[in-house]
Asks: 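Structure in structure tokens, see below.
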Amino acid sequence: MTVTALLTTAQLLLVSVTLSHGDVSQDSPITLIVFNSFENTNLTYPTTVAYRGILLGAMRRLQASDHSFTFKTREDDNYGPFLVSVNGLAGTEKDRTYWELLVQSADGAMIWSDVGVGCYIPRDQERIILKFRKY
Ligand code: B12
């Protein structure tokens with residue numbers, strides 16, 4: 001095989017990997033909003049998520065880089081990590097409080113996430129709202 005043929009094969013492989021896997025080096029900017037519905041206060045944290053990465057990963061990145069943001073999860077056998085507390089404030093069964101997970105896309109549409117932080121994959125420019133509320 002000539003050098004040109006080898007190069008062409010390598011280029012074809014690269015194109016096919018890129019098409020199937022996307023640009024793996026690209027992190028997406030997202031915003032985390034911590035909203036306490038009882039006190040009507042919110043804190044805004046710009047952060048990033050890995051390409052097709054989960055929300056929990058973005059929250060861990062943020063916690064590691066910004067010490068004003070902390071959170072704790074509890075592992076559920078069926079659904080994975082349940083978000084128990086944010087910035088030291090925990091939901092309790094006694095008060096029937098919890099951290100709800102809402103998502104606002106770049107076009108402003110708001111959705112209620114039907115999966116938890118371990119399964120949700122944020123998209124570019126999304127605003128993730130962690131809302132402390134009653135159930
Ligand atoms: C009640 C309920 C809740 C209550 C639980 C508190 C309580 N003490 O009752 C509250 C309101 C807190 C809740 C919250 C959420 N829930 Co819910 N919840 C349910 C529901 C209706 C019943 C669960 C139950 O009582 N089972 C019976 C008991 C005996 O079994 P259990 O194993 O002990 O149940 C516990 C777990 O289910 C856990 N739990 C409840 N919801 C969730 C969600 C996640 C992601 C995790 C890890 C655990 C978890 O809390 C239960 C009580 O301790 C189920 C649907 C269903 N019919 O099963 C959805 C369900 C489990 N919830 C779901 C979701 C998506 C959420 C939220 C992410 C919604 C949101 N957008 O905020 C949040 C969790 C956010 C967070 N903080 O991590 C999904 C999970 C799907 C998935 N693959 O992730 C389900 C299946 C409903 C659906 N739409 O499909 N939930």
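Each ligand, and each atom within it, is numbered from 1 in the order the structure gives.
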Asks: So if I apply the side chain to side chain contact (heavy atoms under 4.5 Å, CB included) rule between Glu126 and each of Val103, Ile111, Thr31, Ile121, which one comes out positive?
Replies: Val103
Asks: Ignoring hydrogens and angles, tell me if any N or O in the side chain of Gln63 forms a donor-acceptor pair with the backbone of Phe71 under 3.5 Å.
Replies: yes
Asks: Keeping Lys134 on the side-chain end and Asp95 on the backbone end, is there a donor-acceptor pair under 3.5 Å?
Replies: yes
Asks: Measure from the side-chain N and O atoms of Glu39 to the backbone N and O of Asn36, and report whether any donor-acceptor pair falls under 3.5 Å.
Replies: no
Asks: Evaluate the ring planes of Phe132 and Trp99, with Trp represented by its six-membered ring, and classify them as parallel (under 30°), tilted (30 to 60°) or perpendicular (over 60°).
Replies: tilted
Asks: Taking atom 25 (O) of ligand 1 as the reference point, report whether a protein heavy atom occurs under 4.0 Å from it.
Replies: no
Asks: Are any non-hydrogen protein atoms located under 4.0 Å from atom 56 (C) of ligand 1?
Replies: no
Asks: Do other residues, nucleotides or ligands put more than 12 heavy atoms under 6.0 Å from the CZ atom of Arg123?
Replies: no
Asks: Hey, are the side chains of Val117 and Ile54 touching, using non-hydrogen atoms and a 4.5 Å cut-off?
Replies: no
Asks: Please determine if Glu100 has a nitrogen or oxygen closer than 3.5 Å to a nitrogen or oxygen of ligand 1.
Replies: no
Asks: With rounding to the nearest 0.5 Å, note down the distance linking CG in Leu56 to OH in Tyr120.
Replies: 14.5 Å
Asks: Determine whether any protein heavy atom is located less than 4.0 Å from atom 49 (C) of ligand 1.
Replies: yes
Asks: Do any nitrogen or oxygen atoms of Leu101 come within less than 3.5 Å of a nitrogen or oxygen of ligand 1?
Replies: yes
Asks: Going by the atom numbers of ligand 1, which of them fall below 4.0 Å from some non-hydrogen atom of Trp112?
Replies: 69 (C), 70 (C), 71 (N), 89 (N)
Asks: Which residue owns the protein heavy atom closest to atom 37 (O) of ligand 1, what's the atom, and how far is it?
Replies: Tyr79 CE1, 3.8 Å
Asks: For ligand 1, which atoms, with element, lie under 4.0 Å from some heavy atom of Pro81?
Replies: 47 (C)
Asks: Any protein heavy atom sitting closer than 4.0 Å to atom 77 (N) of ligand 1?
Replies: yes
Asks: May I ask you to test the Gln125-Ile30 pair for a side-chain heavy-atom distance under 4.5 Å?
Replies: no
Asks: Grab the two heavy atoms, one from Tyr45 and one from Leu62, that are nearest each other, plus how far apart they are.
Replies: CB-CD2, 3.5 Å
Asks: Using distance alone, decide if ligand 1 has a nitrogen or oxygen within less than 3.5 Å of any nitrogen or oxygen in Trp99.
Replies: yes
Asks: Can you report which non-hydrogen protein atom sits closest to atom 35 (C) of ligand 1, along with the distance?
Replies: Asp76 OD2, 4.2 Å
Asks: List the closest protein heavy-atom neighbour of atom 74 (C) of ligand 1: residue, atom name, distance to the nearest 0.1 Å.
Replies: Phe82 CE1, 3.7 Å
Asks: Among protein heavy atoms, which sits nearest to atom 45 (C) of ligand 1, and what does the distance come to when rounded to 0.1 Å?
Replies: Gly116 CA, 3.4 Å
Asks: Can you tell me the protein heavy atom closest to atom 68 (C) of ligand 1 and the distance?
Replies: Val115 O, 3.6 Å
Asks: Output yes when the distance from some N or O of ligand 1 to some N or O of Tyr135 is under 3.5 Å, and no in every other case.
Replies: yes
Asks: By number and element, which atoms of ligand 1 are closer than 4.0 Å to a non-hydrogen atom of Gly80?
Replies: 47 (C)
Asks: Would a 4.0 Å cut-off, counted as strictly less than, catch a protein heavy atom around atom 87 (C) of ligand 1?
Replies: no
Asks: Answer yes or no: is there a donor N or O on one side and an acceptor on the other, between the side chain of Thr97 and the main chain of Thr92, under 3.5 Å?
Replies: yes
Asks: Work out whether the distance between some heavy atom of Asp114 and some atom of ligand 1 is less than 4.0 Å.
Replies: yes
Asks: Within 4.0 Å of atom 6 (C) of ligand 1 (strictly less), any protein heavy atom?
Replies: yes
Asks: Using side-chain heavy atoms (C-beta onward) and a distance below 4.5 Å, is Ser28 in contact with Thr48?
Replies: no
Asks: Measure from atom 73 (C) of ligand 1 to every heavy atom in Tyr98, Phe71, Tyr120 and give the option owning the shortest one.
Replies: Tyr98
Asks: Atoms of ligand 1 less than 4.0 Å from Glu93 heavy atoms?
Replies: 8 (N), 53 (O)
Asks: Is the closest protein non-hydrogen atom to atom 3 (C) of ligand 1 under 4.0 Å?
Replies: no
Asks: Between Ala50 and Arg61, which heavy-atom pair has the shortest distance, and what is it?
Replies: CB-NH2, 3.5 Å
Asks: Protein heavy atoms: any of them under 4.0 Å from atom 18 (N) of ligand 1?
Replies: no
